[in-house]
Structure formats: structure tokens, C-alpha cells
Amino acid sequence: MADQLLSTISRKLRSLPASYVRPESQRPRLHEVISDAAIPTVDLGSPDQHQIVAQIADACTHYGFFQVVNHGVGNKSMRLMMEVAQEFFQLPAEEKAKLYSDDPAKKIRLSTSFNIRKETVRNWRDYLRLHCYPLEDFTPEWPSNPEVVSDYCKEVRGLGFRLLGLISLSLGLEEEYMVKVLGEQEQHMAINYYPKCPAPDLTYGLQAHTDPNALTILLQDHTVDGLQIRKDDKWIAVGSHPHSFIINIGDQLQALSNGRYKSVWHRAIVNANKDRMSVASFLCPSNRVLISPPEKLLSEAGRAMYKNYTYEEYYDRFWSRNLDDEHCLELFKNASSLESENQASSSSGGNQS
Ligand SMILES: O=C(O)CCC(=O)C(=O)O
Ligand SMILES: [Fe+2]
């Protein structure tokens with residue numbers, strides 16, 4: 001299947017192959033996307049920690065996404081990471097073929113679309129997936145420039161842990177809470193390559209999904225937009241700014257906050273004029289960790305929104321579905337929260353979306 005990699009074949013394609021064309025009802029409807037809304041920006045260099053924490057609380061409650069600036073990761077490290085990512089997809093087809101795999105269990109692999117073993121329509125994306133923690137277990141097998149990538153991974157992990165501290169404080173918990181409860185966190189990276197596309201209105205780079213992990217730190221090529229998030233039943237385009245990261249809450253922080261913070265639907269669209277790259281770093285709970293919100297948040301809400309489960313159970317469930325099926329956390333909801341939601345929606349006349 002390595003001969004299906006878009007980075008190898010897309011230049012030769014004059015029109016979008018049928019395998020990428022979404023049925024009419026599932027297309028991105030790009031003319032309806034809100035382009036002038038901004039997600040919150042948090043300046044992590046500000047001396048006012050109270051303000052940072054308040055901004056994070058607001059962003060996680062209402063958007064599930066925010067942008068960070070003055071975050072402490074070096075500009076050079078970000079630039080080099082992006083260059084390594086770009087160079088990788090220019091490698092000769094034979095080199096890339098050696099890394100190709102569509103087995104989601106493989107820890108280092110190059111693939112295309114999302115999960116071609118399950119999906120019926122493809123995404124206009126290739127991606128290199130790397131496990132990154134502990135670094136020394138994986139760097140010897142990484143395909144290109146392990147020094148640059150490992151420096152970047154260390155810096156991003158530091159930023160992620162700082163953010164988990166701020167997120168804990170924003171929930172009224174002690175700063176170390178999330179880092180402690182998530183255990184020895186794994187770190188994964190998806191280097192996404194979205195070549196320019198002959199028919200961007202018929203397909204996606206990555207269709208709507210939520211991230212199954214705890215926290216995502218996204219580096220984007222700031223010259224090409226493509227990320228969109230769901231807010232108030234509309235898609236809004238997220239602009240990209242130099243030297244910033246886009247942060248989003250994954251499903252596990254939604255569960256650990258007992259539903260207070262949102263793991264929001266997002267998608268990547270493609271365009272006809274320019275290739276786009278993004279580098280997503282995912283912090284993931286240790287596999288055996290039991291995902292269960294703190295007593296404080298349970299007593300404030302009066303009930304547990306989700307059943308307790310291990311991350312391993314969750315992750316298996318996530319990959320056994322299609323990416324844009326219902327929110328995977330719905331499958332872990334407690335019966336009592338489902339009942340109260342049903343009551344609320346029948347008394348308000350049902351779902352208006
Ligand atoms: O490329 C993007 O902007 C989004 C990538 C993403 O959502 C992911 O890799 O989970
Ligand atoms: Fe994502």
C-alpha cells in the first residue's frame with residue numbers, strides 16, 4: 001500500500017480520485033465556515049499567573065482550544081522540527097515504503113489517510129507517527145534527524161507538563177494533580193502532510209474527530225491555514241501565527257474534569273494552492289491508569305459523568321471505530337448522566353442542532 005502515499009503520487013493526479021470523494025451530505029461546505037473568529041490566546045510569559053489560569057479556565061470551558069505564545073519552546077527548535085518534517089516527505093518513494101504500515105499498533109510508522117483498514121472514504125493526508133517517550137527506546141529507529149526531533153520532543157513535553165499544572169489550578173486542584181494522576185505519560189507525535197488538492201471542497205485532510213489522549217500541542221506551518229474547530233454548531237477556521245502552538249483538550253481531560261472541560265470536534269481541510277504541514281504532539285495517560293475524576297469535582301457536580309476505565313480500554317475502543325462516529329466518550333457515560341440529558345432535551349424540545 002506504500003504506492004498509495006499521497007506524497008509520492010499526488011503530483012501526478014489531475015483530479016480527485018473517487019476514493020477521496022465524500023458523499024454530498026458529508027462534504028466540508030467551506031462557504032459556511034466562519035473565518036473571522038479567533039480562539040483565545042494565552043501569553044504564558046505574563047507575570048500574572050492568576051490571569052493565565054483564568055484565561056485557561058475560560059478557553060477550556062468554552063472552546064476546548066487555545067493558542068499559546070511566549071511558551072518557552074525555542075523558535076529554532078520549532079523551525080528545525082518543521083524543516084525535518086518537510087524533508088521527510090520529500091524522501092524517495094523506496095525510502096518511505098520501508099516505513100509504511102497501516103497497523104495502528106505499530107509505534108513507528110508512515111501511513112496515509114487515517115485508518116485505511118476501516119474507513120470507506122479516504123482523507124487527503126499522509127502521516128508519520130512516532131512514539132516519543134521514553135526517547136531512548138525510540139530514537140534509534142526514527143527515520144530522520146533524531147537529534148532535532150528529540151530536542152523538540154523534550155521541550156514540548158516540558159510545555160505540556162506546565163500546561164497540565166495550569167489546567168489543574170484552573171479546576172481548583174493542586175498544581176501537580178493532573179501530572180500525578182496521568183502516570184508515566186506516553187508521548188506520541190503525528191507529522192501530518194496535506195499536499196495541495198485538486199478538489200478541496202469534496203474531501204478532508206482529516207475529517208471531524210476529537211483527540212483520544214489528554215492534551216495535544218500542535219505546531220503548524222503558519223503560512224497555510226487548515227485547522228477548523230466546532231463551536232456553537234458552526235465550524236470556525238483557526239488562523240496560524242508564527243511561534244505559537246495550538247493547544248487542545250483531549251478526551252481524557254474532558255473525563256478527568258468530569259465533563260467541565262471539552263474535548264472539541266476539529267478537522268483539517270485542504271487547499272488547491274499549497275501543501276500544508278502540521279506536527280501534533282499528544283500527551284497520553286499511562287495505559288494502566290484509571291481515569292476517574294477527583295472527589296472535589298464529583299461532589300461539585302453531584303454525580304460522575306463517566307464510568308471509570310483504563311486508558312488502554314479507551315484507546316482500543318477509539319481505534320475500533322470510525323474517526324467521525326459519535327464522540328467516543330459517549331460510550332463511557334454513566335446511565336444517570338444519560339438519563340438526565342434525555343430529560344433535559346425532552347423538556348427543551350430536543351436537540352436543536
Ligand atoms: O493538522 C491539523 O491541523 C490537525 C491535526 C489533528 O487534529 C491531529 O493530528 O489530531
Ligand atoms: Fe486532532
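For clarity, every value in this text was computed on a predicted model and none was experimentally measured. Both counts, for ligands and for their atoms, begin at 1 and track the order of listing.
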contact_flag Tyr194 ligand 1 heavy-atom lt 4.0 Å
yes
For ligand 1, which atoms have a heavy atom of Ser278 less than 4.0 angstrom away?
1 (O), 2 (C)
Sorted by chain and number, sequence neighbours left out, side-chain contact (heavy atoms from CB on, under 4.5 Å) with Arg27 holds for Val21, Arg22, Glu24, Leu202
Between Arg267 and ligand 1, find which residue part has any heavy-atom pair under 4.0 Å and reply side chain, backbone, both or neither.
neither
Tell me the contacting part of Asp211 for ligand 1: side chain, backbone, both, or neither, using a 4.0 Å heavy-atom threshold, strictly below.
side chain
Sort out for me which residue in Arg122, Glu119, Arg125 forms a side chain to side chain donor-acceptor pair (under 3.5 Å) with Ser113.
Glu119
Looking at every heavy atom in both Ala57 and Thr61, which two are closest together, and how far apart are they?
O-OG1, 2.6 Å
Shortest heavy-atom approach to atom 3 (O) of ligand 1 - which of Arg276, His266, Gln220
Arg276
For Asn192, take its heavy atoms, then give the atoms of ligand 1 lying under 4.0 Å from any of them.
1 (O), 5 (C), 9 (O)
Parallel, tilted or perpendicular: which one describes the rings of Phe332 and Tyr309, with boundaries at 30° and 60°?
tilted
Test log, rule side-chain hydrogen bond (donor to acceptor under 3.5 Å, both in side chains), inputs Asp211 and His266
CA-CA 9 Å; Asp211 290 350; His266 55 286; 3.1 Å; yes
What protein N, O or S atoms come within a distance below 2.8 Å of the Fe ion (ligand 2), ordered by chain and number?
His209 NE2, Asp211 OD1, His266 NE2
Summary of salt bridge (charged side-chain N to carboxylate O under 4.0 Å, His left out) pairs that have at least one residue in residues 168-180, sequence neighbours excluded:
Glu174-Lys180
Supply the members, apart from Leu218, of the Ile/Leu/Val/Met/Phe/Trp/Tyr cluster built from side-chain contacts under 4.5 Å; use none for a lone residue.
Ile34, Ile39, Tyr63, Phe65, Leu227, Ile229, Ile236, Val238, Ile246, Val264
Phe282 heavy atoms, cut-off 4.0 Å: which ligand 1 atoms fall inside?
9 (O), 10 (O)
Interatomic distance, Gln51 atom CD to Ser46 atom OG [nearest 0.5 angstrom]:
5.0 Å
Is there a path from Val84 to Phe89 through hydrophobic residues (I, L, V, M, F, W, Y) whose side chains come within less than 4.5 Å of each other?
yes
Does either side chain, that of Asp151 or that of Ser77, offer a donor lying less than 3.5 Å from an acceptor on the other one?
no
For Leu218, atoms of ligand 1 separated by under 4.0 Å from a heavy atom
3 (O)
Does any N or O of ligand 1 fall below 3.5 Å from an N or O anywhere on Arg125, backbone included?
no
